[in-house]
Amino acid sequence: MGFNPLEERGIDVEDQFRNWSELNVDPYDKVHVDPYTRARVILMNGIEVESIIFSHQVSRHTDNLEIRRALALSRRVDQQQQKVVNGLNPGDQTPLETTIGYEQVAVDLTSWLARHEPDPMLKQALDFALLEDFDHLYRYADLYDLLEEGDAADLTGSLTEITPGRPTFTHHRHPYDTVRGHYSTHTVDPLSRLHVMTITAGEQQTMNFYMNHGTDWIEPLARGLYAEIAQVEEQHVTHYESLLDPLDSWLKQLVFHEYNEVYLYWSMMQQESDRRIKQIWELHCNMEIGQLHAACELLRRYEGVEPLEILPPALPDTPVTFESNKEYVREILATQYDLRTDGTDYVNVGDLPKDHRYFRFQETVNAGGVPSEMVIDDERAERDRDYRDEDGANPIPELRQIVAA
Amino acid sequence: MTTLTPTKATGAIAQPAEALYIDPECQISENAVAHTIDLPGVNGAFVADVISAMLAHERCGAHLYRSVASRTNNPMLERRYKELGEETEHHVEVLEQLVTSAGGNPNYVSAMARLVEGTDSKLLESTFMLNGAADIMTEELGMLDAVFLAESMDHANWHTFAALVDSLPDGEIKNACAAAVADVEDQEDEHLDWARSTKRRLVELQATSAIAAKAEMKAEEMLAAVRNWLS
């Protein structure tokens with residue numbers, strides 16, 4: 001039997017508060033950091049932000065003081081956890097470098113989840129958005145070369161290829177086509193539930209980051225690129241959150257949130273190469289176990305539901321792992337490059353009728369120039385090539401490097 | 001051993017719909033559902049869906065009773081909620097056995113069952129998510145109202161099912177359904193009668209007595225008053 005957080009004591013929520021010095025952690029060294037340590041920091045920051053915002057939403061739907069106080073208690077600790085995790089990012093890491101970290105997270109997290117996802121529909125949802133985030137990494141890497149003369153491979157450690165995916169200008173679809181069907185809370189595999197919650201939180205954090213950092217720039221091209229890709233992240237949050245079953249009550253959702261946080265901190269602990277940061281994951285895992293117990297107590301008391309009715313007997317055997325997924329991404333790019341969405345279905349772009357709303361939406365938003373194309377045009381004009389970090393030729397012939405004559 | 005929350009681990013199955021994906025491992029077709037109640041002149045799929053919805057309501061009822069039994073401040077209400085909760089869990093067992101004996105899966109969750117669960121979930125939430133403005137006497141009435149509403153639906157479900165069973169062709173399925181109705185129907189009458197009469201007693205008690213909550217009443221006095229209700 002694996003690790004069952006319900007059988008672990010953890011740390012009582014009241015005992016989890018830290019002082020200001022403990023919150024003001026030393027950041028990692030941006031030059032020497034393991035790219036996947038940066039990825040873990042980005043992911044867990046997003047997980048904490050989701051936990052905090054979700055808790056606020058629950059609080060706005062109840063005036064039960066006992067529940068509100070329990071939420072406020074755990075939420076304040078989550079805020080402290082978020083400060084510690086996000087505080088690991090160094091101040092000399094530029095917003096564009098952080099952005100490239102975000103897109104590496106998106107590519108390697110989505111790939112890993114898709115590779116381990118038991119439900120074919122959910123795997124399809126992951127594969128579909130994977131190719132879009134993969135392309136965002138390429139566009140931002142070119143912007144990084146253009147504006148900061150930076151080599152994105154230094155940030156990714158060449159663990160993730162940088163080459164065009166499904167081109168960003170094709171991502172812009174009518175909002176109706178960003179809504180998916182959802183799983184059933186009764187039939188969903190526990191691992192699938194955790195996967196969907198994780199990717200929703202991760203994409204939401206990316207959306208939030210671009211919403212707030214898109215104006216850090218003077219250059220219109222950079223501002224335009226962030227605005228364009230931020231809209232795709234909005235699509236991705238809609239895409240992923242619509243996979244969640246709305247039948248679950250607020251308190252059940254709270255328990256699932258805490259359980260997922262335990263799973264993820266436990267996962268991060270397994271693979272962290274930085275001893276100091278590993279200790280943070282371990283501490284936070286024990287804190288989340290305490291928060292899980294508190295949430296379970298609310299569920300038991302107010303809904304009469306025993307947590308084991310809705311939770312698996314142990315965490316999944318396999319921790320969520322940041323690792324290279326180059327072959328997997330190439331395979332998905334080769335087979336799903338032409339995929340689009342039509343209502344809740346996935347279709348080949350060639351099968352969409354010519355008057356489909358997808359094409360009308362494309363004409364509207366792409367009129368007057370597309371920043372994600374302009375950045376590549378400018379890069380080619382400046383350097384006689386676009387920036388890539390490839391292990392071989394792109395699997396799609398039309399996406400292969402154009403070398404100036 | 002009854003199941004109060006069907007999950008993949010307990011063998012839950014469902015039919016997909018436009019907005020609802022079901023893992024292929026857990027899918028069941030309408031034809032397969034219909035085959036459970038395979039009788040001439042009967043819409044077997046619909047009847048199977050109705051039974052699934054009844055089962056969902058009983059399961060939610062068991063959760064409701066657990067919740068209110070642990071939160072009431074009145075010992076008599078607590079004891080009665082526990083008794084009714086045990087009987088409700090027995091009704092879950094009766095329905096699960098009925099479905100199993102017909103060759104079906106008691107953890108089939110029909111679309112109708114999802115709607116019922118949604119209704120019941122909000123009914124239960126109404127007893128605690130919005131009680132910030134309520135004193136403990138009002139909270140008790142709120143919990144009792146939720147029980148009354150749940151039992152009203154339960155009562156209607158079983159009476160409707162009893163009438164449906166009467167119209168089924170003779171045979172094993174009819175006999176199994178009739179046995180389930182015979183096992184449960186009288187208890188459902190009692191549950192609703194108790195909820196209705198207790199609601200009336202508590203309302204009358206507070207409307208005509210000095211123990212009704214007053215603004216100046218201290219919490220301890222109110223708690224003592226609630227504890228003495230019905231004694």
Side-chain angles (χ1 to χ4, degrees), chain A residues 58-69 117-125 179-193 196 242-253 297-314 343-345, chain B residues 3-28 52 56 59-71 81 85 88 107-111 113-118 120-122 124-134 139:
Chain A
V58 181
S59 197
R60 291 171 201 178
H61 284 78
T62 182
D63 62 2
N64 180 313
L65 289 177
E66 185 181 32
I67 293 175
R68 278 189 161 179
R69 285 169 181 152
E117 174 51 54
D119 184 319
M121 177 280 291
L122 299 174
K123 180 180 183 308
Q124 178 61 80
V179 177
R180 310 265 70 78
H182 61 80
Y183 62 67
S184 159
T185 191
H186 290 299
T187 60
V188 70
D189 190 292
L191 183 63
S192 299
R193 188 197 304 279
V196 175
S242 56
L243 301 173
L244 297 159
D245 191 344
L247 183 58
D248 287 322
S249 67
W250 285 112
L251 294 183
K252 283 180 184 167
Q253 290 182 55
E297 198 44 49
L298 290 177
L299 181 69
R300 192 179 279 119
R301 171 167 167 72
Y302 285 105
E303 295 196 8
V305 174
E306 280 302 314
L308 272 178
E309 288 179 45
I310 60 169
L311 294 175
T344 55
D345 296 326
Chain B
T3 298
L4 295 187
T5 306
T7 61
K8 188 173 185 183
T10 63
I13 53 173
Q15 292 182 59
E18 186 185 8
L20 178 67
Y21 287 113
I22 302 296
D23 183 339
E25 283 179 30
C26 305
Q27 281 186 21
I28 185 168
S52 168
R59 286 166 167 156
C60 291
H63 286 137
L64 171 66
Y65 277 121
R66 280 188 194 169
S67 170
V68 295
S70 74
R71 288 187 289 130
Y81 287 150
T88 300
N107 290 317
Y108 164 58
V109 182
S110 68
R114 280 181 60 85
L115 298 187
V116 165
E117 186 178 340
D120 288 346
S121 173
K122 290 300 172 193
L124 175 53
E125 280 191 348
S126 74
T127 69
F128 63 84
M129 290 292 272
L130 296 171
N131 64 355
E139 268 185 69

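Convention: sequence-line order gives letters A, B, ...; per-chain numbering from 1.
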Student: Please classify the contact between A:Val188 and chain B as side chain, backbone, both or neither, with a heavy-atom cut-off of under 4.5 Å.
Tutor: backbone
Student: Step by step, work out the side-chain contact (heavy atoms from CB on, under 4.5 Å) result for B:Thr7 and A:His186.
Tutor: CA-CA 4 Å; B:Thr7 61; A:His186 290 299; 5.7 Å; no
Student: Select one option (side chain, backbone, both, neither) describing which atoms of A:Glu66 are under 4.5 Å from chain B's heavy atoms.
Tutor: neither
Student: Taking the side chain as everything from C-beta on, heavy atoms only, tell me whether A:Leu122 gets closer than 4.5 Å to B:Tyr21.
Tutor: no
Student: Based on non-hydrogen pairs under 4.5 Å, which of B:Leu4, B:Asp23, B:Val68, B:Ile13 is most in contact with chain A?
Tutor: B:Asp23
Student: With no hydrogens and no angle check, is any side-chain donor or acceptor of A:Asp63 less than 3.5 Å from a backbone partner on B:Asn131?
Tutor: yes
Student: Below 4.5 Å from any heavy atom of chain B, which atoms of A:Leu65 appear? Answer side chain, backbone, both or neither.
Tutor: neither
Student: Can you list everything that forms a side chain to side chain contact (heavy atoms under 4.5 Å, CB included) with B:Thr127? Sequence neighbours excluded, please.
Tutor: B:Arg71, B:Leu124, B:Met143, B:Ala146
Student: Identify which part of B:Pro6 has an atom lying under 4.5 Å from any heavy atom of chain A, answering side chain, backbone, both or neither.
Tutor: both
Student: Got a sec, which residues hit ring-ring contact (aromatic ring centres under 6.0 Å, His included) with B:Tyr108, two or more places apart in sequence or on another chain?
Tutor: none
Student: If you take all heavy atoms of A:Gly304 and B:Ser67, which pair is closest and at what distance?
Tutor: N-CB, 3.9 Å
Student: Using non-hydrogen atoms only, which part of A:Asp245 is less than 4.5 Å away from chain B: side chain, backbone, both, or neither?
Tutor: side chain
Student: Taking side-chain contact (heavy atoms from CB on, under 4.5 Å) as the criterion, tell me which of A:Glu303, A:Arg301, A:Arg300, A:Glu306 meets it with B:Arg66.
Tutor: A:Glu306
Student: By a 4.5 Å heavy-atom criterion (distance strictly below it), what part of B:Ala9 contacts chain A: side chain, backbone, both, or neither?
Tutor: neither
Student: Please report the closest heavy-atom contact between B:Ile22 and A:Ser184, naming both atoms and the distance.
Tutor: CD1-CB, 3.6 Å
Student: Any chance the side chains of A:His61 and B:Glu125 put a donor and an acceptor closer than 3.5 Å?
Tutor: no
Student: With chain A, which of B:Cys26, B:Ala12, B:Ala19, B:Ala17 has the greatest number of heavy-atom pairs at distances under 4.5 Å?
Tutor: B:Ala19
